[in-house]
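Everything on this sheet refers to the single structure shown next.
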Amino acid sequence: MLKIVNIIPSVSLQYGGPSRTAVSLANSLAEISGIKVYFCSYLDQDSRLEFNQNIDVTFLSREKFSGVFGLFLAYRVFSRLLRDSNADIVHLHGVWHPLTHVAAIAARRSGVKYVIHPRGMLEPWALSYKRWRKRLALLLYQKKDLDLCSGFVATSIQEANNLRDLGYTNVVVIPNGVEFPNFDVLPSAFSSKKVLLFMSRVHPKKGVVELVRAWSKVSSLTHVLRIVGPDEGGHSHEVSELIRELGVSESVELVGPRYDRERVSEYLNADVFVLPTYSENFGLVVAEALSYGIPVITTKGAPWEALAQHKCGWWVDVGEQSLVDVLPLALSLSDDERVEMGRRAKNLASSFNWNFIADQTLGFYNSVLQHGHEKTK
């Protein structure tokens with residue numbers, strides 16, 4: 001039996017795609033015969049993600065397992081878990097966080113190979129954001145963890161190429177999956193108004209400021225922009241002030257986070273989805289929107305050239321002007337055009353099946369265990 005230990009700093013819904021996809025991948029792997037999955041994370045109060053009953057889950061208290069002494073205790077927990085489970089491989093989700101660092105140390109000292117799923121955290125934009133803090137982390141611990149891992153999982157060709165540009169060779173491309181609606185979905189609208197939906201973290205990387213500025217130039221009272229997602233670092237306040245300054249309060253709704261049924265409702269009531277991001281390794285919300293049959297606008301900061309290829313959306317340059325150019329086109333779609341694009345969107349989304357992705361991941365684990373190098377650089 002293959003024993004897999006997954007470690008991520010949080011499975012809180014407020015952290016978006018990385019938390020949700022890490023759990024979904026673990027759940028799908030746990031359904032495969034001959035595999036035993038273990039999962040370890042901090043326990044946050046708003047964690048509502050559900051695990052497959054076959055997974056052994058260990059939650060750590062942030063209060064007890066943070067700080068220098070707390071991380072030493074976490075190291076002991078990881079070491080004991082690897083020993084007691086007789087683990088074959090460790091899957092680390094994300095980089096930079098001290099918890100994944102001590103997990104990497106535990107794996108090395110236990111003689112267990114580990115792979116890293118950077119989840120966009122080593123992309124050029126991410127490396128440039130808070131640059132000096134990242135450089136210090138690389139110097140102190142992160143570079144060693146990267147250099148000594150047995151392989152990387154990239155979620156797009158773009159991310160894989162960026163990892164190779166950093167000098168890492170054992171990289172596999174496995175996209176994220178998406179949870180499909182369990183009914184036939186065609187997009188509808190809030191009453192007679194066209195709804196443009198943004199749903200992601202409200203963070204400078206996501207291009208929300210540029211979106212609001214563009215919206216102020218093209219919107220009318222027959223259009224509504226809904227900005228849905230948790231605040232990060234107080235950026236929602238900056239966006240709120242901009243909405244007021246530009247005088248678009250009547251057509252822009254800064255909603256906050258939506259989960260579970262409320263999240264589904266947002267998708268069901270959207271005419272067009274937009275993610276004007278500066279950088280994504282995948283962009284889970286794009287795949288989710290497609291699965292609901294919603295035409296999508298996103299930027300070339302996300303690896304979604306397929307939107308244009310499959311004629312179910314727009315893949316545009318990063319920045320305000322590109323949004324000014326494309327938003328009127330998207331919002332002027334007739335109902336028939338939108339429904340036809342929605343059908344093509346669902347066809348594209350069907351390729352992001354978690355069972356297939358779990359099989360690909362399992363193949364990578366086996367390759368690492370049979371042929372993987374102790375170093376990837």
Side-chain angles (χ1 to χ4, degrees), residues 4 6-11 15-29 49 89-97 100 114-127 129 146 149-166 168-180 199-201 203 205-206 273 275 277-291 296 298-307 309-310 313 315 318 348-365 367-368 376:
I4 306 160
N6 291 268
I7 295 173
I8 190 172
S10 177
V11 292
Y15 292 108
S19 294
R20 292 163 57 210
T21 52
V23 173
S24 293
L25 176 60
N27 287 341
S28 298
L29 286 166
L49 292 163
I89 196 162
V90 174
H91 192 141
L92 302 179
H93 299 268
V95 294
W96 307 118
H97 200 284
T100 52
Y114 64 95
V115 298
I116 293 178
H117 211 139
R119 299 192 174 278
M121 298 179 191
L122 294 174
E123 291 289 271
W125 191 95
L127 289 172
Y129 185 68
L146 297 172
C149 85
S150 294
F152 292 86
V153 179
T155 52
S156 67
I157 294 174
Q158 173 182 296
E159 185 180 26
N161 289 337
N162 287 330
L163 286 168
R164 292 181 182 118
D165 287 344
L166 293 174
Y168 298 107
T169 56
N170 192 11
V171 182
V172 65
V173 179
I174 303 175
N176 286 323
V178 64
E179 303 292 339
F180 291 91
M199 185 148 57
S200 188
R201 292 177 296 129
H203 181 278
K205 182 181 85 166
K206 303 296 183 176
F273 185 86
L275 182 69
T277 182
Y278 277 87
S279 177
E280 298 291 326
N281 64 306
F282 182 72
L284 179 63
V285 288
V286 171
E288 287 182 342
L290 293 173
S291 75
V296 172
T298 195
T299 67
K300 293 178 182 177
W304 280 98
E305 186 176 1
L307 293 176
Q309 294 171 342
H310 291 259
W315 194 53
V318 173
L348 175 56
S350 65
S351 61
F352 302 105
N353 181 286
W354 272 119
N355 292 332
F356 177 62
I357 289 163
D359 287 338
Q360 287 181 289
T361 306
L362 177 58
F364 181 57
Y365 293 156
S367 175
V368 164
T376 56

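As the structure is a computational prediction, the values presented were derived from the model and not from experiment. All values below were derived from every heavy atom in this structure, side-chain atoms included, with hydrogens, water molecules and symmetry-related copies excluded.
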field: Main-chain N/O of Gly301 paired with Thr277 side-chain donor or acceptor, under 3.5 Å
entry: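 Here the side-chain-to-backbone pair does not exist.
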query: Would you say Trp304's side chain and Val286's backbone share a donor-acceptor pair under 3.5 angstrom?
result: no
Report yes if the side chains of [X] and [Y] come closer than 4.5 Å at any heavy-atom pair, otherwise no.
| X | Y | value |
| --- | --- | --- |
| Val368 | Tyr114 | no |
| Asn281 | Pro118 | no |
| Thr155 | Leu284 | no |
| Asn161 | Arg164 | yes |
| Leu290 | Val178 | no |
| Thr299 | Trp315 | no |
| Pro303 | Ile157 | no |

Taking all non-hydrogen atoms of both residues, which atom of [X] and which atom of [Y] are closest, and how far apart?
| X | Y | result |
| --- | --- | --- |
| Ala154 | Ala160 | CB-N, 3.6 Å |
| Ala358 | Leu29 | O-CD2, 3.5 Å |
| Gly120 | Glu159 | N-OE2, 3.0 Å |

Find the distance between [atom1] ([X]) and [atom2] ([Y]) and round it off to the nearest 0.5 Å.
| X | Y | atom1 | atom2 | value |
| --- | --- | --- | --- | --- |
| Leu127 | Leu166 | CG | CG | 6.5 Å |
| Ile357 | Leu362 | CD1 | CG | 14.0 Å |
| Ile174 | Ser156 | CD1 | OG | 12.5 Å |
| Leu163 | Leu122 | CG | CG | 6.0 Å |
| Glu305 | Gln158 | CD | CD | 10.5 Å |
| Ser28 | Asp359 | OG | CG | 9.5 Å |

task: Using side chain to side chain donor-acceptor pair (under 3.5 Å) as the criterion, list what pairs up with Thr100, not counting sequence neighbours.
output: none
task: For Thr21, check side chain to side chain donor-acceptor pair (under 3.5 Å) against everything at least two apart and list the hits.
output: Arg119
- request: Please name all residues satisfying ring-ring contact (aromatic ring centres under 6.0 Å, His included) with Tyr365, sequence neighbours left out, ordered by chain then number.
  value: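 Listed in chain order: His91.
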- request: Report the residues that fulfil ring-ring contact (aromatic ring centres under 6.0 Å, His included) with Phe356, sequence neighbours left out, ordered by chain and then residue number.
  value: none
- prompt: Residues two or more places apart in sequence or in another chain: which of them pass side-chain contact (heavy atoms from CB on, under 4.5 Å) with Ser279?
  reply: Glu123, Trp125, Lys205
message: Holding to side-chain contact (heavy atoms from CB on, under 4.5 Å), I want the full list of residues that pass it with Met199, two or more places apart in sequence or in another chain.
response: Leu197, Val228, Arg263, Glu266, Tyr267, Phe273
query: For the side chain to side chain contact (heavy atoms under 4.5 Å, CB included) test, which of Val23, Val115, Ile7, Ile8 pairs with His93?
result: Ile8
- prompt: Under 6.0 Å between the ring centres of Phe352 and Phe282?
  reply: yes
- request: Tell me whether the centres of the aromatic rings in Phe364 and His117 are closer together than 6.0 Å.
  value: no
Partner set under salt bridge (charged side-chain N to carboxylate O under 4.0 Å, His left out) for Glu280, not counting sequence neighbours: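 With neighbours one apart ignored, the set is Lys206.
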